[in-house]
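Computation of the quantities below employed the complete heavy-atom set of this structure, encompassing side-chain atoms and omitting hydrogens, waters and symmetry-equivalent molecules.
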Amino acid sequence: MISIRDLHKYYGEIKAVAGISFDVAAGEIFGLLGPNGAGKTTLLRVLATLTRPTRGRAQVDNLDVVGAPFEVRNRIGIVFQDPSLDVKLTARENLDFHARMYGLTKPERRERIAEVLHLVDLQDRANSVVETFSGGMKRRLEIARGLLHFPKVLFLDEPTLGLDPQTRRFIWDYIHDLSKRTRVTIILTTHYMDEANSLCDRIGIIDKGRLVALDTPSKLKNNLGQDMIQVEIEKRENVETGIFSAVNGIKEIIPHDGTITFSIENGEAMIAPILKALSDRQITVKAVSLHKPNLEDVFLHYTGRTIREVEESELQLQKRKSRRIGRGRKPA
């Protein structure tokens with residue numbers, strides 16, 4: 001359904017996308033993970049015909065995004081990260097306006113609006129003004145809007161950002177059920193590791209404009225090793241990894257911001273030698289944990305950052321946006 005070959009997008013000297021290639025099968029839920037500025041949004045904009053690539057090729061349903069942009073747009077739906085509903089209109093009015101933009105006839109609009117409202121379980125709120133909706137209901141309405149014109153591909157850009165955990169789980173269930181019932185291909189960007197693990201058939205990790213990993217969640221985790229040991233130390237200076245040379249079975253050592261993460265075989269037996277190596281160098285250990293590899297470990301392995309750092313960076317960006325908007329408002 002989607003084919004990308006050696007795709008590049010430059011903004012002056014900035015290489016937002018630097019030679020990415022991959023395919024997405026019809027009906028697949030494909031996740032894109034990466035730090036802020038990694039190239040995820042630029043890649044989505046290219047696929048959605050909002051930005052022309054500098055070079056390379058991108059196709060949606062065998063249509064080139066540059067050569068046939070209008071045909072591509074008729075095959076895709078988008079749920080943006082920032083809300084884009086008219087909260088003064090009803091749910092039905094929001095959907096009707098969108099359907100008119102896509103040229104659906106009045107009978108088609110009536111039938112399709114009823115279908116998508118039922119799909120996202122909002123049929124009882126069709127005539128309610130959107131400003132009375134909860135955050136989760138608004139997100140479900142946006143997903144319904146993205147599906148109105150029978151798209152073959154649905155882009156979901158951070159679909160559960162800012163929602164409470166219970167509502168996020170609700171949205172996951174809808175997305176998963178939607179994929180199974182409609183066979184629409186879904187491209188999902190997210191900062192939530194549990195979301196990617198629960199929903200995605202495959203995950204691509206993008207960093208500095210390049211695709212650094214691509215596989216199923218289980219294979220990405222299994223590739224790291226049998227066990228993960230994480231040690232939090234008192235001092236935050238760099239620790240020479242050579243001090244662990246006597247510890248057998250270590251596949252990788254990642255020192256990062258006051259912690260040292262080990263990908264290792266037989267982790268339970270190796271905790272003691274690791275702690276001894278640190279004690280011999282008079283390095284104080286604050287905490288130690290042992291767990292099986294998870295997507296947090298995968299993300300740190302490929303990007304050098306934790307997802308919490310990405311989320312904090314995103315939060316700071318949102319705060320700066322809010323301050324700029326606040327300063328730009330005129331008094332009523």
Task: Which atom of A91 lies closest to which atom of L117, heavy atoms considered - done: CB-CD2, 4.5 Å
Task: Check ion pair K276-D280 (N to O, under 4.0 angstrom) - done: yes
Open item on the list: Distance check, rounded to the nearest 0.5 Å: F133 atom CZ versus L122 atom CG?
Closed with: 5.5 Å
TODO: Measure from NZ or CZ of K152 to the centre of the six-membered ring of F150, then state whether that distance is under 6.0 Å and the direction lies within 45° of the axis.
DONE: no
Open item on the list: Any side-chain to backbone donor/acceptor pair from R168 onto T160? Under 3.5 Å, distance only.
Closed with: no
Task: Euclidean distance, L295 CG relative to L220 CG, rounded to 0.5 Å - done: 7.0 Å
Task: Expected output: side-chain E142 to main-chain R139 donor-acceptor under 3.5 Å - done: no
Task: Side-chain heavy atoms of R75 within contact of L63, under 4.5 Å - done: yes
Open item on the list: Once ring pair (Phe, Tyr, Trp, His ring centres under 6.0 Å) is applied, what residue pairs with a partner in residues 14-44 remain, sequence neighbours excluded?
Closed with: F22-F30
- [ ] With sequence neighbours left out, write down each residue that passes ring pair (Phe, Tyr, Trp, His ring centres under 6.0 Å) with F80, or none if nothing qualifies.
- [x] none
Open item on the list: Are the side chains of I229 and T261 in contact, using a 4.5 Å heavy-atom criterion?
Closed with: no
Task: Ring geometry between Y174 and F170 (parallel below 30°, tilted from 30 to 60°, perpendicular above 60°) - done: perpendicular
TODO: Starting at CD of Q123, measure out to CZ of R92 and round the result to the nearest 0.5 Å.
DONE: 11.0 Å
Task: Neighbour count >12 (heavy atoms, 6.0 Å) for atom NE2, H118 - done: no
- [ ] Calculate, to the nearest 0.5 Å, the distance between atoms CG and CG belonging to L141 and L95 respectively.
- [x] 5.0 Å
Open item on the list: Out of the candidates N62, D23, I187, D61, only one should pair with M1 under the side chain to side chain contact (heavy atoms under 4.5 Å, CB included) rule; please name it.
Closed with: D61
- [ ] Output the distance between atom SG (C200) and atom NE2 (H176), rounded to the nearest 0.5 Å.
- [x] 10.5 Å
Open item on the list: Using 0.5 Å steps for rounding, measure from the CD atom of E232 to the OG1 atom of T284.
Closed with: 12.0 Å
